[in-house]
**Student:** 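Structure in structure tokens, see below.
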Amino acid sequence: MSEAAATDHATTTGMSHNKLAMWVFLGSECLLFGALISTYLVYRGRFATGPAPGDIFDIPFTSVSSFVLLMSSLTMVLALSAIKRGDLRNNRIWLLTTALLGSLFIGGQVYEFTTFFREGLGYTTSPFSSAFFTLTGFHGVHVSIGILMLMSMFISSLRGSLRKEHSETVEIIGLYWHFVDIVWIFIFSVIYLVPSPTS
Amino acid sequence: MTATTTVEDVVGQPLGVYTRPRGGNGWRDWITTVDHKKIGILYGVAALFFFVVGGIEALLIRLQLATPNGTVLGADMYNQVFTMHGVTMIFLAAMPLSAAFANYLIPLQIGARDVALPRLNALSFWVFLAGGIVLNLSWVLGGAPDGGWFGYAPNTGIVFSPSPGMDFYALGLQMTGIASLVSSINLTVTILNMRAPGMTLFRMPVFTWMILVTQLLLVFAMPVIAVALFLLAFSRLFGARFFDPSVGGDALLWQHLFWIFGHPEVYILILPSFGIISEVIPTFSRKPIFGYPFMVFSGIAIGFMGWGVWAHHMFVSGIGPISVAAFSLSTMFIAVPTGVKILNWMATMWGGRIKFSAPMLFAVGVVSMFTIGGLSGVTHAISPADTQQTDTYYIVAHFHYVIFGGIIFGLFAGLYFWWPKVFGHQLSDLIGKVNFWVMLVGFNLTFGPMHVLGLQGMARRIDSYSPGFGFEFWNMVSTIGSFLIALSIAIFVVNVIRSAMKAKGQPPCGPDPWDARSLEWLTPNPTPVHDFDEIPVVESLDEFWHRKYGTDENGRVVRVASAEEVCQDGSAVGVHLPSPSFWPIVFAAGLPFIALGLIFNLWLTVPGGLLVVMAIYAWVFEPVDDPDAAHGDVSEVADTTEEAPVV
Amino acid sequence: MIRKYLRTRGPTAVGLGVLTFLTGCAADAELDTLNPQGPSARSIDNLFDPVFYVAVVVFIFVFAGTFIIWWRFRDDHDDEEFPHQFHGDTRLELAWTIVPTLILVVISVFTLITLRGLNETEANAVTIEVGGTATQWEPEVVVVGQQWWWEFRYYLNGLDGVDLTDARHLPPADIVTANQMVIPAGEEIELSVTSRDVIHSFWIPALNGKKDAAPGRVHPWKLEADEPGVYFGQCTEFCGLSHSRMRMQVVAVTLDDFAAWVAEQLQPAAEPQAAAAQRGMEIYQSQCARCHVIDGFNDNDGADLVANAAPNLTHLMSRTTYAGGIFNMYEPDGSLDRTQLEAWLRNSPAEKPAYAEGRRGMPAMGLDEGQIDDVVAYLTTLGRAPSLDVIAATEVE
Amino acid sequence: MSTDTVPTDVAVDDSNVDDHDHPSDSKYFQIALILGVLTALEVATYYVDIGPALIPTLMVMMVAKFFIVAAWFMHLRFDNSLFTKFFVGGLILAVAVYVIALSAFEFWSKG
Ligand code: HEA
Ligand code: HEA
Ligand code: CUA
Ligand SMILES: [Cu+2]
């Protein structure tokens, strides 16, 4: 994908193809998560005989994991700032920290899912449960893909093939990472903090 | 996709499996190509193939309905056939045929050598093809989808559609959707970022503009259908309760999601065709397009308004009178920008010296036939009347007039127009004219009567009707018409074969067969691999034309240069081009395994997943260029060394 | 019919009209959407007709333009002559932006007016006799779609407090019938449309537009017939295998006839007398009662079907069509169409495609010929046949 | 009118702005601090009953966080405005479309 950047010289707008492509992609992702969130909003009160969202959400716990994800945005931007300075060591540290914070978040999500499951909320319990797991699951998959990309960069960096010239790669993956964080900001407020129906 | 942006600098390391394929020739060249022209041709061939498949399904529909209580297909088979007809025509024929034109022409029209992300471009095609294959595999693997092309829940759920057909629908369309999304991002970036020096946005040909609007619609519409299809797939495969009314699932959720995508989709289908005829009409009228900025802005307006009207497909679905009223009005006013286009095309022709060659005939066909469909669209938009019309053949008439009259005619105009550009020889104009007239007559005979049938109350998606409702005559007429359409397609095929045989051994046709206007004609016919010998510097709209003609002191048009003088001769050597790659097709090959695995046996997802992961990693580590490839002799004849444009 | 086409479509339709006439096809087009027989359908038609005219005018404009262009500006010479080059004209552009906008504004106003009318209901009441006492009843019918037939439920005490949200478990109704809805002519009938499985659409073109019947949702709609008569309909939302064979009729009768019909429908089924019919009743008991209901005989809730319901047979013989309105119960002379009914009982999926093994539609019951005769004998005791007029008017092909 | 010379174009600046005036790391820490405080305030609404002001307050804080991340961490503040157009375009489109769809569901009346 970095192909054209190498074969071409400057671009019409002065922005690299890849970065522009990422932004267009993120615009598109807004519609994807919008649809998932709308689905959830339609179904938050349709929990049939299963647990209602208000019964099972654990706000303190989710607050912590939300905070973790939020801070991973900070470490991500620090990684970028480091590689831009040519500070490869710090870049590596921050990349790894970001991936770890992301993993912590995913771990929290896995824990949350299993707790919910034990409390009787399976994927097929009700429209609410299906919508909830689908939405948060999609987000989780996005985070996981982000972690994979961060780790790939980390390994490249160890092998010495992620250098100052490649700061744009870090930046683009960072954009993706921040976007996923933004989506969670939305989810956290609208789905967890806005009081949910109880049974 | 972002994973791919990482390491690009393994160049110089031992390459092993990552060695990129050489240009080569034969089939190897086709499956590894990243050349936008070849990919365009691949799209075109696949789309025409699927068009014939969808057409044969249409003929089966028409045979079944030719007489009351038809017995050609059983009820079950009929439902599969009409569903697959709609799905095939929309997703596997009309969209990719537009993509074919976009891929081939966009870089040429904006003065670029390729699209922004060539390997992703190849990926789009192969993933699309894999999706089309998956969809059609359903015929032999347990039954095709049978829920209609818009697949309303809960009829598509596992209870009411127990055959795997709707799984194929959900997963196959998901794949074509991914392909469209990737290619739309790619083309958006290409158009914004790769214009030749001087090619400002308002010097771009109308076709390029319409493709840009289309790509933006795709960028924002595809994720919506993706979510809808995920919900459907998860419901069917994993038992999710999205559409199960017994626990509170709402049948309207699917409808909203589908049509939020579905209405922009119809403009995704029509705008490329509008773009094509906006190139053809000025060329053959020997006049510039009338009201270029209005053409551009009306296209943008259509794209924009297309987002606020989706519920006109749901006037009777129970969305409540206020929503109905709002969507009714918003829908009507789409007629305004569309009308601007129609009238501007007419004004372009007005006062021209029009040559009615085959492409022009098809283009004029669009102007008139699309109008009929558009006007019946307005009669649906008045929601009270739509409660009588919806789900009758009156709707079927509407959308075939806009689709066949608007899209298929437009795409044929494009095929005839750009054929010499792509293949270096023209199609016979005479056969082309016969093709047009047979198609025009057949088309009106097929779909005209459907207006009457619909108003007489014939419901759509019925596998048979009883005698006595007065449907017999017009159905027979319609069936006869559909075979005339088939004849016209056969004439086209004959034309293609005959012209190719005639052209064999002949030198290519001249550089400028139509006295055309836009930049793609600056390159010789057929287009050389490297497109432009030298990236042109653009000074005006209709750049190519302005290089050929000037005005004398009386303001009359005079030729200042012959086409041969203006056109490049394609002789540049050593132009640096992106190398081909195996990985797009490998990636795409993994997806059908995953799809089939989800439907039949999860183990199958393992090889599929491995292929995909392997392709991604190989892709990332693949060197930018094969260091051994023969571009060492770069004579720097005409690389893109000029500074990129600062508009 | 033809005249209607010619009158409303004007000269442009003459060609079509003549052709239609020549073939005599539209002679009995019972589903015609341009032949309104009630106020709602008429208000729709009154909106559609002028808009259609506008469309025809725009069409003629574009077509005439295209033709003139072809006539005047065609020039196949391959010379270097160029016409005057002009790039546009802002005034013209504005004109053809504003004129269509104005036309559409006018159309919108009428659309909104019509829409409001269609969503208004009036309070009206008819007098019927329930249990020997005259009662006022605001005509309301609950319309329930399921694969692939329609049920009509009449709650004579009104719908207040009747919970319709779960169509698979509806509260008992006073009258339950299938495929033919009987209504008083000249009265507005309020409908509550819902479904027991997938989405269907209820549509009687002569009386009003359609309304989807969606599971889990109750959609309000209304009907009114000017005159007594029979009005045909067809399910119009694709609902699976036998969607095309899911039809219905509205039988509008005078107020008196309606009251009589109600009184009759309220009667439970009587014990059959003849021996064959009694044997049939036993077969019914053992084979059919798990799905069907006959008031006064069995009243189970819930057939062994996805939809949880099969047609109520209490007054089967008072209906002239059955199985989604595709078969005639009677010959034109008023005698029972025994062959068809026997075929239905012998192997219904062969008569009308269904997924009986998927618990959708009536299964083949595996009765022998003797049993079939007995069952027919029993069924013919259920309800009274309507008049020959009705039989003739409701006949389907 | 001649259309050949319409000069407007969305993409005017080619300079890669983000190479020079980029915020320093300490700035990033400050921003993260603000984000953290906002999150804490959000979570506080779970414990403190603020009545009908709850949902508006939450939304305001959410939007603030959203834009802070987009503007600073994703550099939209400093980058080419075309990026902002795509992103905000997608965002506005998504919000508009889905709000309309949800209202068509009579979602708001059900509360
Ligand atoms: C290429 C695809 C395409 C295009 C361009 C359109 C264009 C339009 N469509 Fe169509 N439509 C479909 C494809 C398309 N449609 C399909 C596939 C379906 C059915 C899906 C299914 O159910 O399977 C459908 C269904 C459909 C419905 C739902 C019907 C129903 O199911 O009940 C409606 C309702 O409003 C509608 C309206 C319109 C309108 C108002 C336009 C307008 O954009 C048309 C505007 C154009 C003109 C009006 C003509 C030119 C204008 C002038 C000359 C100016 C003067 C005009 C006036 C003053 C009126 N369409
Ligand atoms: C791009 C879109 C597109 C196109 C081009 C067409 C083209 C045609 N459609 Fe299409 N149609 C749809 C999109 C399209 N349709 C959709 C979306 C639906 C709704 C589905 C649903 O309800 O779910 C539909 C539904 C639909 C119905 C209604 C079915 C029903 O409701 O029960 C009918 C009925 O007549 C019909 C007929 C036709 C016909 C006769 C053609 C013809 O124009 C086809 C002509 C093409 C050929 C005939 C090609 C074959 C050519 C040859 C055989 C030549 C020989 C070849 C060689 C020598 C190689 N279509
Ligand atoms: Cu019921 Cu179609
Ligand atoms: Cu639409």
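Reckoned from all heavy atoms, side chains included, excluding hydrogens, waters and symmetry mates. The sequence lines fix the lettering, A, B, ..., with proteins before strands; numbering per chain opens at 1.
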**Student:** Taking all non-hydrogen atoms of both residues, which atom of D:Leu102 and which atom of A:Ser38 are closest, and how far apart?
**Tutor:**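 The pair with the smallest heavy-atom distance is CD2-O, 3.8 Å.
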**Student:** Heavy-atom pairs under 4.5 Å with chain A are the metric here; pick the option from D:Val97, D:Leu58, D:Val88 that has the most.
**Tutor:** D:Leu58
**Student:** Any chance you could measure A:Glu29, atom CD, to D:Phe87, atom CZ, to the nearest 0.5 Å?
**Tutor:**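 CZ of D:Phe87 is found 10.0 Å from CD of A:Glu29.
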**Student:** Is any side-chain heavy atom of A:Glu171 less than 4.5 Å from a side-chain heavy atom of D:Asp79?
**Tutor:** yes
**Student:** Looking at A:Gly45, A:Gly34, A:Ser28, A:Gly27, which one has more heavy-atom pairs under 4.5 Å with chain D than the rest?
**Tutor:** A:Gly34
**Student:** Where on D:Ala40 is there a heavy atom nearer than 4.5 Å to chain A: the side chain, the backbone, both, or neither?
**Tutor:**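 Neither; nothing under 4.5 Å.
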**Student:** Just give me the residue among A:Val194, A:Asp181, A:Leu78 that pairs up with chain D most often, heavy atom to heavy atom, under 4.5 Å.
**Tutor:**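 The candidate making the most pairs under 4.5 Å is A:Leu78.
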**Student:** At a 4.5 Å cut-off on heavy atoms, which part of A:Ala35 comes close to chain D: side chain, backbone, both, or neither?
**Tutor:** both
**Student:** Give, as side chain, backbone, both or neither, the part of A:Phe33 having an atom under 4.5 angstrom from any heavy atom of chain D.
**Tutor:**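 For A:Phe33, no heavy atom lies under 4.5 Å from chain D.
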**Student:** Do A:Leu26 and D:Met74 touch side chain to side chain, with heavy atoms closer than 4.5 Å?
**Tutor:**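 A side-chain contact exists here, since the closest heavy-atom pair is under 4.5 Å.
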**Student:** Over all heavy atoms of both residues, which pair between A:Cys30 and D:Ala94 is shortest? Give the atoms and the distance, please.
**Tutor:**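 Smallest heavy-atom distance, with atoms named: O-CB, 3.8 Å.
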**Student:** With the side chain counted from C-beta on, respond yes when A:Pro60 and D:Tyr46 share a heavy-atom pair under 4.5 Å apart, and no when they do not.
**Tutor:** yes
**Student:** May I ask you to test the D:Phe73-A:Met76 pair for a side-chain heavy-atom distance under 4.5 Å?
**Tutor:** no
**Student:** For the pair A:Trp23 and D:Phe83, name the ring-plane relationship: parallel under 30°, tilted 30 to 60°, perpendicular over 60°.
**Tutor:**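 Parallel: the ring planes of A:Trp23 and D:Phe83 meet at under 30°.
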**Student:** Examine whether an atom of D:Tyr47 lies under 4.5 Å from a heavy atom of chain A, and if so say whether it belongs to the side chain, the backbone or both; otherwise answer neither.
**Tutor:**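 Contact with chain A is through the side chain of D:Tyr47 alone.
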**Student:** Ion pair present between D:Asp25 and A:Arg85, side-chain N to carboxylate O less than 4.0 angstrom?
**Tutor:**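 A salt bridge links D:Asp25 with A:Arg85.
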**Student:** Could you check whether any side-chain N or O of D:Tyr98 sits under 3.5 Å from a backbone N or O of A:Leu31, counting only pairs where one atom can act as donor and the other as acceptor?
**Tutor:**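 Yes, D:Tyr98 side chain to A:Leu31 backbone: donor-acceptor pair under 3.5 Å.
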**Student:** Could you check if a side-chain atom of D:Leu54 sits within less than 4.5 angstrom of a side-chain atom of A:Pro195, using non-hydrogen atoms only?
**Tutor:** yes
**Student:** Check the pair A:Val77 / D:His75 against side chain to side chain contact (heavy atoms under 4.5 Å, CB included), numbers first and verdict last.
**Tutor:** CA-CA 10 Å; A:Val77 82; D:His75 310 303; 4.2 Å; yes
**Student:** Between D:Glu42 and A:Ser189, is any pair of side-chain heavy atoms under 4.5 Å apart?
**Tutor:** yes
**Student:** Counting only non-hydrogen atoms closer than 4.5 Å, does A:Leu80 touch chain D with its backbone (N, CA, C, O), its side chain (CB onward), both, or neither?
**Tutor:** side chain
**Student:** Are side-chain heavy atoms of D:Met59 and A:Val190 found at a separation under 4.5 Å?
**Tutor:** yes
**Student:** Do other residues, nucleotides or ligands put more than 12 heavy atoms under 6.0 Å from the CZ atom of A:Phe61?
**Tutor:** yes
**Student:** Select, from A:Leu74, A:Val183, A:Val24, the one with the greatest count of heavy-atom pairs under 4.5 Å involving chain D.
**Tutor:**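 With the most close heavy-atom pairs to chain D, the winner is A:Leu74.
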**Student:** Using side-chain heavy atoms (C-beta onward) and a distance below 4.5 Å, is D:Val43 in contact with A:Phe67?
**Tutor:**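 Result no, sub-4.5 Å side-chain heavy-atom pair not found.
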**Student:** Under a 4.5 Å heavy-atom cut-off, does chain A meet the side chain of D:Leu76, its backbone, both or neither?
**Tutor:**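 Only the side chain of D:Leu76 comes within 4.5 Å of chain A.
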**Student:** Need one label for D:Leu91: side chain, backbone, both or neither, based on atoms under 4.5 Å from any heavy atom in chain A.
**Tutor:**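 For D:Leu91, backbone and side chain are both near chain A.
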**Student:** Can you tell me how far apart CG (A:Leu20) and CG (D:Asn80) are? Round to the nearest 0.5 Å.
**Tutor:** 8.5 Å
**Student:** As an exercise, state the distance from OG of A:Ser73 to CD1 of D:Ile68, rounded to the nearest 0.5 Å.
**Tutor:**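 Here the interatomic distance stands at 12.0 Å.
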